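Below: one structure, written as structure tokens.
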Amino acid sequence: MTKQIAFQGEPGAFSHAAALGVFPGATFLPHVTFEEAMAAVQNGVADRAVLPVENSLYGRITDIHHLLPESGLFIVGETYLRIEMNLLGVPGAKLSDIKAVQSQPPALGQCRKFIADHGLRTINGADTAGSAREVAARGDPSVAAIASRLAGEIYGLELLKSNIEDARHNTTRFLVMSRDKQEAPAGGRVKTTFVFRVRNVPAALYKAMGGFATNGVNMTKLESYMVGGAFTATQFYADIEGHPDDVGVQHAFEELRFFTDRFDILGVYPASEPR
């Protein structure tokens with residue numbers, strides 16, 4: 001049976017490309033918001049959701065950190081997508097014909113040098129894939145879109161210039177979400193993601209983190225964010241290398257629990273290498 005995979009964005013979005021890389025034979029379900037993509041998994045409409053969590057240029061995708069702990073979903077995998085910006089024009093258009101370029105503001109910002117070098121006027125779009133769709137519908141050979149190759153294929157646009165981004169290290173990390181808990185076995189390269197809230201005692205965070213250092217557990221991510229709009233209620237989102245069954249991780253978690261009033265594991269899954 002073909003898997004149904006939810007993602008946020010229009011067909012051809014970079015999230016769609018990431019999902020395609022993980023589930024090449026699946027049926028893909030686009031959604032306007034992260035909440036809708038998660039709800040599709042929660043309600044059984046989709047088998048998995050592939051959602052961006054952080055970007056090498058822009059840092060964390062803020063909404064995700066708030067939504068994941070309350071979603072009831074589990075992280076079962078991760079993948080990295082190198083973000084490659086492409087200039088896409090209507091059939092028959094040439095690079096010399098292009099006078100304006102449309103995309104979402106962050107994508108336009110990532111291609112400033114190319115845009116300046118070619119003297120192009122910019123048009124702000126809601127997103128990259130939607131811009132490709134609108135450029136195709138408009139049919140104007142003087143207007144191009146900046147989007148993924150996949151968007152060009154979906155909307156019948158021609159690739160006029162590839163890899164026009166200023167920064168070649170632009171990479172987004174995506175999480176694969178499931179409504180069923182599926183933990184990777186211990187022994188391989190495994191990541192564990194969890195959230196916690198420290199108790200209101202002096203040096204609680206310092207003491208809670210000490211167990212990871214003393215037990216040789218590598219913490220690859222630690223970020224804080226407010227919950228409920230209260231400055232005094234801070235929750236932390238963390239990734240570590242290791243499995244909860246590893247002795248070092250067990251001891252680190254024991255110390256962490258002593259100084260927290262909330263501790264939830266969101267996923268134990270195979271680690272993926274950035275590409």
Side-chain angles (χ1 to χ4, degrees), residues 2-41 45-65 67-68 71 73-86 88 103-104 106-107 110-111 125-133 145-155 159 162-165 167-179 182 184 189 191 193 220-221 239 266-267 269-275:
T2 304
K3 285 188 178 296
Q4 309 285 318
I5 309 300
F7 67 92
Q8 185 276 326
E10 295 198 34
F14 286 106
S15 290
H16 186 185
L20 184 62
V22 180
F23 302 101
T27 298
F28 299 97
L29 309 176
H31 295 276
V32 175
T33 66
F34 293 126
E35 291 95 333
E36 290 176 1
M38 290 180 177
V41 181
V45 175
D47 299 292
R48 299 284 189 275
V50 177
L51 303 171
V53 68
E54 58 188 326
N55 176 268
S56 61
L57 291 180
Y58 295 99
R60 73 184 183 190
I61 312 297
T62 307
D63 287 350
I64 293 297
H65 288 70
L67 296 172
L68 287 185
S71 69
L73 302 180
F74 298 93
I75 304 170
V76 296
E78 68 173 355
T79 189
Y80 292 84
L81 181 70
R82 164 83 163 79
I83 304 300
E84 298 176 339
M85 299 296 181
N86 302 283
L88 307 171
S103 197
Q104 65 176 189
Q110 291 171 29
C111 303
D127 56 37
T128 56
S131 294
R133 174 179 51 78
I146 293 177
S148 68
R149 286 177 181 261
L150 179 60
E153 294 169 3
I154 290 174
Y155 301 111
L159 179 64
S162 61
N163 300 103
I164 64 172
E165 64 275 8
R168 297 304 169 94
H169 59 79
N170 186 4
T171 301
T172 298
R173 178 182 175 226
F174 294 81
L175 299 177
V176 182
M177 308 299 301
S178 169
R179 63 183 168 276
Q182 298 178 4
R189 291 189 64 251
K191 279 186 181 177
T193 295
T220 58
K221 187 177 188 63
D239 293 336
L266 302 183
Y269 50 94
S272 177
E273 290 290 343
R275 298 192 297 275

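Everything quoted here is computed from the prediction, not taken from an experiment.
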CA sep, side-chain torsions, deciding dist, call: Asp47, Phe23, side-chain contact (heavy atoms from CB on, under 4.5 Å): CA-CA 11 Å; Asp47 299 292; Phe23 302 101; over 6 Å; no
Where Gly12 and Ile154 come nearest, the two heavy atoms and their spacing: N-CD1, 3.4 Å
Closest non-hydrogen atom pair between Val50 and Phe174, with its separation: CG1-CB, 3.9 Å
Minimum heavy-atom distance between Pro270 and Glu78, given as atom pair plus value: O-CG, 3.9 Å
side-chain contact (heavy atoms from CB on, under 4.5 Å) between Asn86 and Ile146, worked out: CA-CA 5 Å; Asn86 302 283; Ile146 293 177; over 6 Å; no
Between CG on residue Asp239 and CG on residue Leu266, distance to nearest 0.5 Å: 9.0 Å
Atom of Ala18, atom of Leu81 and distance for their closest heavy-atom approach: N-CD2, 4.0 Å
Distance in Å, Gln110 CD paired with Glu165 CD, rounded so as to fall on 0.5 Å steps: 8.0 Å
Interatomic distance, Asn55 atom CG to Ile61 atom CD1 [nearest 0.5 angstrom]: 6.0 Å
Mutual orientation of the aromatic rings belonging to His16 and Phe7 [parallel < 30°, tilted 30-60°, perpendicular > 60°]: parallel
Test side-chain contact (heavy atoms from CB on, under 4.5 Å) applied to His31 and Met38, step by step: CA-CA 9 Å; His31 295 276; Met38 290 180 177; over 6 Å; no
Tyr80 and Ser272, any side-chain heavy atoms less than 4.5 Å apart: yes
Min side-chain heavy-atom separation Lys3-Val22 under 4.5 Å: no
Test item: Tyr269 side-chain N/O and Phe74 main-chain N/O as donor-acceptor pair under 3.5 Å: no
Leu88 versus Ala147, closest heavy-atom pair with distance: CD1-CB, 3.9 Å
Non-hydrogen side-chain atoms of Arg149 and Ser162 separated by less than 4.5 Å: yes
4.5 Å side-chain heavy-atom contact, Gln8 and Val32: no
Under 3.5 Å: donor-acceptor pair, side chain of Ser56, backbone of Thr171: yes
side-chain contact (heavy atoms from CB on, under 4.5 Å) assessment of Gln4 paired with Val45: CA-CA 7 Å; Gln4 309 285 318; Val45 175; over 6 Å; no
Non-hydrogen atoms of Arg179 and Leu73 that approach each other most closely: CA-CD2, 3.7 Å
Distance, nearest 0.5 Å, that separates NZ of Lys221 from CZ of Arg60: 8.0 Å
Approximate separation, where rounding is to 0.5 Å, of Ser15 OG and Leu20 CG: 12.5 Å
Thr172 OG1 to Leu51 CG distance, which is reported to the nearest 0.5 Å: 12.5 Å
